[in-house]
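Report on the following structure.
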Amino acid sequence: MKARIAEIWRAPIQGQHVYLLAFSLYFVPAFLIDSTYTTLLSWSELRLITYLAIPLLIFKIYVMDEWQVSGKLVITALLVASIISWRTAQYPELMVTMAFVLGARGVDFKQVARWYLYLSVTLLLVIAATSLVNIVPNLVYVSNLRPNRYGLGMAYTTFVASHLFFSALAYCYVRFGKLKWFDYVGIAVVATIAMIYTDTRLDFYAMLLMIPVMWVTQRAAEGKRFSRMIASFWWMAMPVLAVITITAAYFFDDSNHIYRKFNELLSGRLSLSRKAFRLYDPNLFGRFIHEKSFGGVKGKTFANQNQNGLSADYFYIDSSFVRMLLLWGLIIFVLFIVIMTFIAIVSTVQKKYALSAIVMLVAINSMVEPHAVQLIYNVFILASIPQLEWVLKNIRGKKYGNENIAE
């Protein structure tokens, strides 16, 4: 036993170890920020703890990853752009996400996804359990128009459903190639339980859609011709749905009965996005937008004062696509679409299709939910550098190893 401990102690520190440590340091406090644990713990102190991941990532990028000078210049430019957007929009997730994306060189993304899955499910269960025994508030939203909804320790009901959606995606990715009927039944059961307690229809439908999509995708990876033909189009979803969402929001007309029907199906998201476009024009680095939502203890009180629909004071941009464009700026918006589409294209070229299918489902979720750039939800953006490494390895026709990929 002592010899084993000594062996572990003497083992060299690898970039992946530093990356996973940084990921854990960031993930736990960032997750708690989205919960009612902020009634016990300081929001600002939790945010400061998330920043502990930054020096670890900077050390890995500039010291351990051995980028060439040109590569470091590109990385520095991207980090500076993310800092500008962060300071402009007052949204720190942008800087942190960019650092994690750029720091993923030499990292096994499946291991990151596995780590994400463990952390996400564990924290969800602990937070829900502690809310049920009144250690932290379990926010209850009451309305005359729908059943009571429960936050289960999260700051809003949709946060629960969104975490379950992205955790299910991570589960499918980690289990891909071995997914069986009982996995799909499990996803359906979890989606149903979430629907019963949170009444989040759109996330419920998205989780149910995940089942046939992953079934077709796994068959495609096994070489089934018809499934492969279908899965080969998954990669197009991200840019196409982004354009559809932005166009529909910008040209929304409440006097049009078709628009009005879609707006009702989407719980008013189209009209709120149109309001955002009326108030703000897109720019390069985004801006701060004052929003008033139902999240948190104060938001719950505001929500329960509106028993028969949305108050005129309510204003929140739910769509990640619209949110990225207006709050975070054109640069971040384009980068996100390009990165996620690149991940999907490479997955298609590899004929594995798993990430391609997941990117499509993320795109569908991004039409109606605001979490696409938050790593505590969308961990799949971190697959970009590992996918780029695979491309360059195959272009060069030899093992990538320690060679520099930015030339």
Side-chain angles (χ1 to χ4, degrees), residues 74-75 77-78 81-82 85 93-94 97-98 100-102 104-105 107 109-110 112-113 165-166 169-170 172-173 176 206 209-210 213-214 216-217 220-221 228-249 282 284 286 319-375 377-395 405-406:
V74 172
I75 287 171
L78 290 172
S82 70
S85 290
E93 301 294 338
L94 297 172
T97 299
M98 183 67 76
F100 272 105
V101 168
L102 297 172
R105 183 178 181 183
V107 172
F109 176 69
K110 181 161 282 190
V112 177
F165 172 78
F166 281 99
L169 286 179
C172 288
Y173 180 71
F176 191 75
L209 179 62
M210 190 185 307
V213 167
M214 297 312 300
V216 169
T217 303
R228 180 166 286 185
M229 182 177 67
I230 297 173
S232 64
F233 290 99
W234 291 159
W235 69 269
M236 300 172 62
M238 183 61 69
V240 170
L241 294 181
V243 171
I244 290 174
T245 303
I246 297 298
T247 304
L284 286 179
S319 169
S320 287
F321 293 130
V322 178
R323 196 171 188 81
M324 276 185 282
L325 184 60
L326 295 181
L327 272 78
W328 310 326
L330 187 60
I331 292 176
I332 296 299
F333 174 77
V334 172
L335 270 176
F336 177 83
I337 302 301
V338 169
I339 288 172
M340 296 300 286
T341 304
F342 171 76
I343 292 170
I345 289 174
V346 174
S347 179
T348 304
V349 172
Q350 292 171 328
K351 291 184 170 56
K352 294 181 179 178
Y353 302 106
L355 282 173
S356 182
I358 287 170
V359 168
M360 180 185 69
L361 291 166
V362 170
I364 293 171
N365 180 268
S366 297
M367 297 176 74
V368 295
E369 295 293 349
H371 306 298
V373 184
Q374 291 180 267
L375 291 182
Y377 296 93
N378 180 22
V379 71
F380 302 100
I381 195 172
L382 301 182
S384 53
I385 294 296
Q387 293 288 75
L388 178 60
E389 291 179 299
W390 182 90
V391 170
L392 293 172
K393 169 187 170 181
N394 282 272
I395 288 175
I405 66 174

Approximate separation, where rounding is to 0.5 Å, of [X] [atom1] and [Y] [atom2]:
X	Y	atom1	atom2	answer
Met238	Ile337	CE	CD1	5.5 Å
Ile246	Leu241	CD1	CG	11.5 Å
Phe165	Tyr377	CZ	OH	13.0 Å
His371	Phe166	NE2	CZ	7.5 Å
Leu78	Leu102	CG	CG	5.5 Å
Phe321	Ile244	CZ	CD1	9.5 Å

Which pair of non-hydrogen atoms, one from [X] and one from [Y], has the smallest distance, and what is that distance?
X	Y	value
Val107	Glu389	N-OE1, 4.5 Å
Phe333	Ala242	CZ-CB, 4.4 Å
Ile343	Ile381	CD1-O, 3.9 Å
Val101	Ser384	CG1-OG, 3.3 Å
Arg228	Tyr353	CG-OH, 3.0 Å
Val391	Phe342	CG2-CZ, 4.1 Å

Kindly list each side-chain donor-acceptor pair under 3.5 angstrom involving residues 354-362, sequence neighbours excluded, with atom names and distances?
| from | atom 1 | to | atom 2 | distance (Å) |
| --- | --- | --- | --- | --- |
| Ser356 | OG | Trp235 | N | 3.4 |
| Ser356 | OG | Thr348 | OG1 | 3.3 |

Side chain proximity check, Trp234 to Val213, heavy atoms < 4.5 angstrom
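Counting from C-beta outward, Trp234 and Val213 do come under 4.5 Å.
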Heavy-atom check, side chain of Pro282 versus side chain of Leu325, under 4.5 Å:
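Yes, side chains in contact.
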Any donor-acceptor pair under 3.5 Å from Ser319 side chain to Val368 backbone:
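No: the side chain of Ser319 does not pair with the backbone of Val368.
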Is there a donor-acceptor pair closer than 3.5 Å between any side-chain N or O of Ser366 and the backbone N or O of Ser320?
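Checked: no pair found.
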Go through it in stages, so that I can follow the logic: the residues are Val349 and Trp390, the test is side chain to side chain contact (heavy atoms under 4.5 Å, CB included), and I'd like the CA-CA distance, side-chain angles, deciding distance and then a yes or no.
CA-CA 11 Å; Val349 172; Trp390 182 90; 4.1 Å; yes
Stepwise side chain to side chain contact (heavy atoms under 4.5 Å, CB included) check, Phe109 with Gln387
CA-CA 9 Å; Phe109 176 69; Gln387 293 288 75; over 6 Å; no
How far apart are the C-alpha atoms of Trp328 and Phe336, what are their side-chain angles, what is the distance that settles it, and do they pass the side chain to side chain contact (heavy atoms under 4.5 Å, CB included) test?
CA-CA 11 Å; Trp328 310 326; Phe336 177 83; over 6 Å; no
More than 12 heavy atoms of other residues, nucleotides or ligands under 6.0 Å from NZ of Lys110: is that the case?
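Count over threshold, so yes.
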